[in-house]
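Have a look at the structure below, then the notes.
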Amino acid sequence: MDNKPIYVTMPSLAPLEEFNEILKGVWDRGILTHNGPLVQQFEKDLCKKLDVPHFVAVTNGTIAIQMAIKALELKGEIITTPFTWIATVSAIMWEGCTPVFCDIDPGTLNIDPSKIEALITDKTVAILPVHVFGNPCDVDAIKAIADKHGLKVIYDAAHAIGSSYKGKSMLAYGDISATSLHATKLLNTAEGGGCITNDSALAEKLKRIRFFGHNDVKDIVEDGFNGKMTEVHAALGIANLKYYDEVLADRKEKYRIYKNLLSKNNSLAFQTHCVGEPNYSYFPVIFDSEKILIKVEEKLNQNNIYPRRYFYPSVNTYTKIIDYKTCPVSEEISRRILCLPLYWKLKINCIEKVVLIINNTIF
Ligand SMILES: Cc1ncc(COP(=O)(O)O)c(C=O)c1O
């Protein structure tokens, strides 16, 4: 085995020739953006692949969350999880809403549905959970709470392309799901994202918001902005989509190998998958203490292996921009969780090396 650095992730990329072939059309047409033919094709291909009625492709996953909040015209408190990337919460705040943190389940690492109702006030307008590491949330429990209290549900499905529940893509749940197509995601367009909804009128509204609020006759009819995906990004998406099934199957197999090898180590805990089928796009391990995590991370780094502390710290502790409210489970897990390298072209002997180092460090 060579001693090239092993990073936590690497983008899944189609062969360059295939991307170039699609790009030729972009050069020929001279259309780079503004809902061009490749964006339309990419959206259509995604709808077919994921069996969802509407996929509105946008510049990134953060904008997708903002657009979902904007399209649903939400103003008030939004109940969300502290165990997430800052983007979930900054999107809420950029839309003038207030994030209210609900602690997580220590097993699934998703929002704990049993703790949501206690946080609902007369200002609550929505629930915005995250399918953490592609692990499906308990969507039935969340919908029951939302319906009971007349709340909207937006899923931050940034990690969840390829995850499913009851035979349906996780992107099909909620009033709107917002996904990311960032370089690190299972399917990527370098930067990119999308809003998914079952509601045709809402999909049309999202398209107007994406395009400065213009309607078909260029009148401004929405409070919009620029959320347009470019043709170059869509070209990459189309090229990569061809390999989606292969990437998905590969992640599942590598997840299985990691889990098999690490399960012998009694001092590690793993995310529990209770609802539906995850996409296995990350391999998080939870150590007994932060001290052990740091020791393992140092050992891996010495061997040119770079896992990532993800999500760390718990978002409710970013007190420079957020009013702190205690979420003990999320804060505790954040300190002890590490995502191990997992990506399409990762070699099995690299997984074995990572496992050996972990086991040698903490057994
Ligand atoms: C949970 C979560 N939400 C939202 C985002 C934002 O996505 P993007 O980077 O495409 O803006 C990310 C990015 O990784 C994320 O992990």
Side-chain angles (χ1 to χ4, degrees), residues 50-54 64-65 67-84 88-89 91-92 95 97-179 195-203 206 271-279 315-316 325 327-330 333:
L50 303 170
D51 195 19
V52 294
H54 306 284
I65 303 170
M67 283 177 52
I69 297 170
K70 213 175 250 306
L72 294 169
E73 298 176 16
L74 302 176
K75 286 283 167 249
E77 293 175 358
I78 298 184
I79 297 173
T80 191
T81 170
F83 192 68
T84 186
T88 314
V89 175
I92 292 172
E95 288 309 310
C97 292
T98 307
V100 173
F101 292 110
C102 177
D103 212 347
I104 58 166
D105 178 284
T108 65
L109 311 181
N110 288 332
I111 200 166
D112 183 344
S114 72
K115 294 190 176 138
I116 293 177
E117 270 193 291
L119 297 168
I120 296 175
T121 70
D122 55 359
K123 298 198 190 80
T124 310
V125 287
I127 309 170
L128 203 163
V130 179
H131 303 295
V132 173
F133 305 133
N135 192 24
C137 288
D138 187 345
V139 286
D140 291 336
I142 292 165
K143 185 171 182 337
I145 297 165
D147 288 350
K148 182 172 158 196
H149 295 274
L151 305 176
K152 298 290 184 193
V153 179
I154 297 172
Y155 280 105
D156 178 339
H159 299 182
I161 207 159
S163 304
S164 60
Y165 172 57
K166 290 184 176 165
K168 264 186 4 187
S169 162
M170 287 327 291
L171 274 46
Y173 290 92
D175 291 284
I176 301 178
S177 267
T179 196
C195 289
I196 299 91
T197 175
N198 298 317
D199 179 331
S200 314
L202 208 46
L206 286 161
Q271 185 181 32
T272 53
H273 301 137
C274 299
V275 172
E277 171 80 356
N279 57 7
V315 168
N316 60 311
K325 179 194 159 281
C327 292
V329 181
S330 178
I333 298 273

Atom CG of Asp51: over 12 foreign heavy atoms under 6.0 Å: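 Not more than 12 within 6.0 Å, no.
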
Lys123 atom NZ: more than 12 heavy-atom contacts under 6.0 Å: no

Evaluation steps, side-chain contact (heavy atoms from CB on, under 4.5 Å), between Gln271 and Phe133: CA-CA 9 Å; Gln271 185 181 32; Phe133 305 133; 3.8 Å; yes

Rounded to the nearest 0.5 Å, what separation is found between the [atom1] atom of [X] and the [atom2] atom of [Y]?
X      : Y      : atom1 : atom2 : value
Ile161 : Asn279 : CD1   : CG    : 9.0 Å
Ile176 : Leu206 : CD1   : CG    : 4.5 Å
Glu117 : Ile127 : CD    : CD1   : 8.5 Å
Leu128 : Ile142 : CG    : CD1   : 10.5 Å
Leu72  : Leu202 : CG    : CG    : 5.5 Å
Glu77  : Asp122 : CD    : CG    : 8.0 Å

For the backbone of [Y] and the side chain of [X], can you confirm whether one donor and one acceptor N or O come within less than 3.5 Å of each other?
X      : Y      : value
Ser169 : Leu171 : yes
Thr179 : Ala157 : yes
Asn110 : Asn135 : yes
Lys152 : Ala146 : no
Glu277 : Ser163 : no
Thr108 : Thr272 : no
Lys325 : Val100 : no

side-chain contact (heavy atoms from CB on, under 4.5 Å) between Ile79 and Ile120, intermediate numbers included: CA-CA 8 Å; Ile79 297 173; Ile120 296 175; 3.7 Å; yes

Min side-chain heavy-atom separation [X]-[Y] under 4.5 Å:
X      : Y      : answer
Val153 : Pro129 : yes
Lys115 : Val329 : yes
Cys195 : Ser177 : no
Thr124 : Leu119 : no
Ile78  : Val125 : yes

side-chain contact (heavy atoms from CB on, under 4.5 Å) between Val315 and Phe101, worked out: CA-CA 9 Å; Val315 168; Phe101 292 110; 4.0 Å; yes

Criterion side-chain contact (heavy atoms from CB on, under 4.5 Å) on Asp112 and Asp103, from CA distance to verdict: CA-CA 6 Å; Asp112 183 344; Asp103 212 347; 5.8 Å; no

Non-hydrogen atoms of [X] and [Y] that approach each other most closely:
X      : Y      : value
Asn198 : Ala172 : ND2-O, 3.2 Å
Val139 : His131 : CG1-CE1, 4.1 Å
Pro136 : Ser164 : CG-O, 3.8 Å
Ile333 : Pro106 : CD1-O, 3.9 Å
Thr88  : Thr80  : CG2-OG1, 3.7 Å

Residue pairs, two or more places apart or on separate chains, that pass salt bridge (Lys or Arg N to Asp or Glu O under 4.0 Å) and touch residues 129-140: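 Only Asp140-Lys166 qualify under salt bridge (Lys or Arg N to Asp or Glu O under 4.0 Å).
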
Over-ring placement of Lys168 relative to Tyr173, 6.0 Å and 45° cut-offs: yes

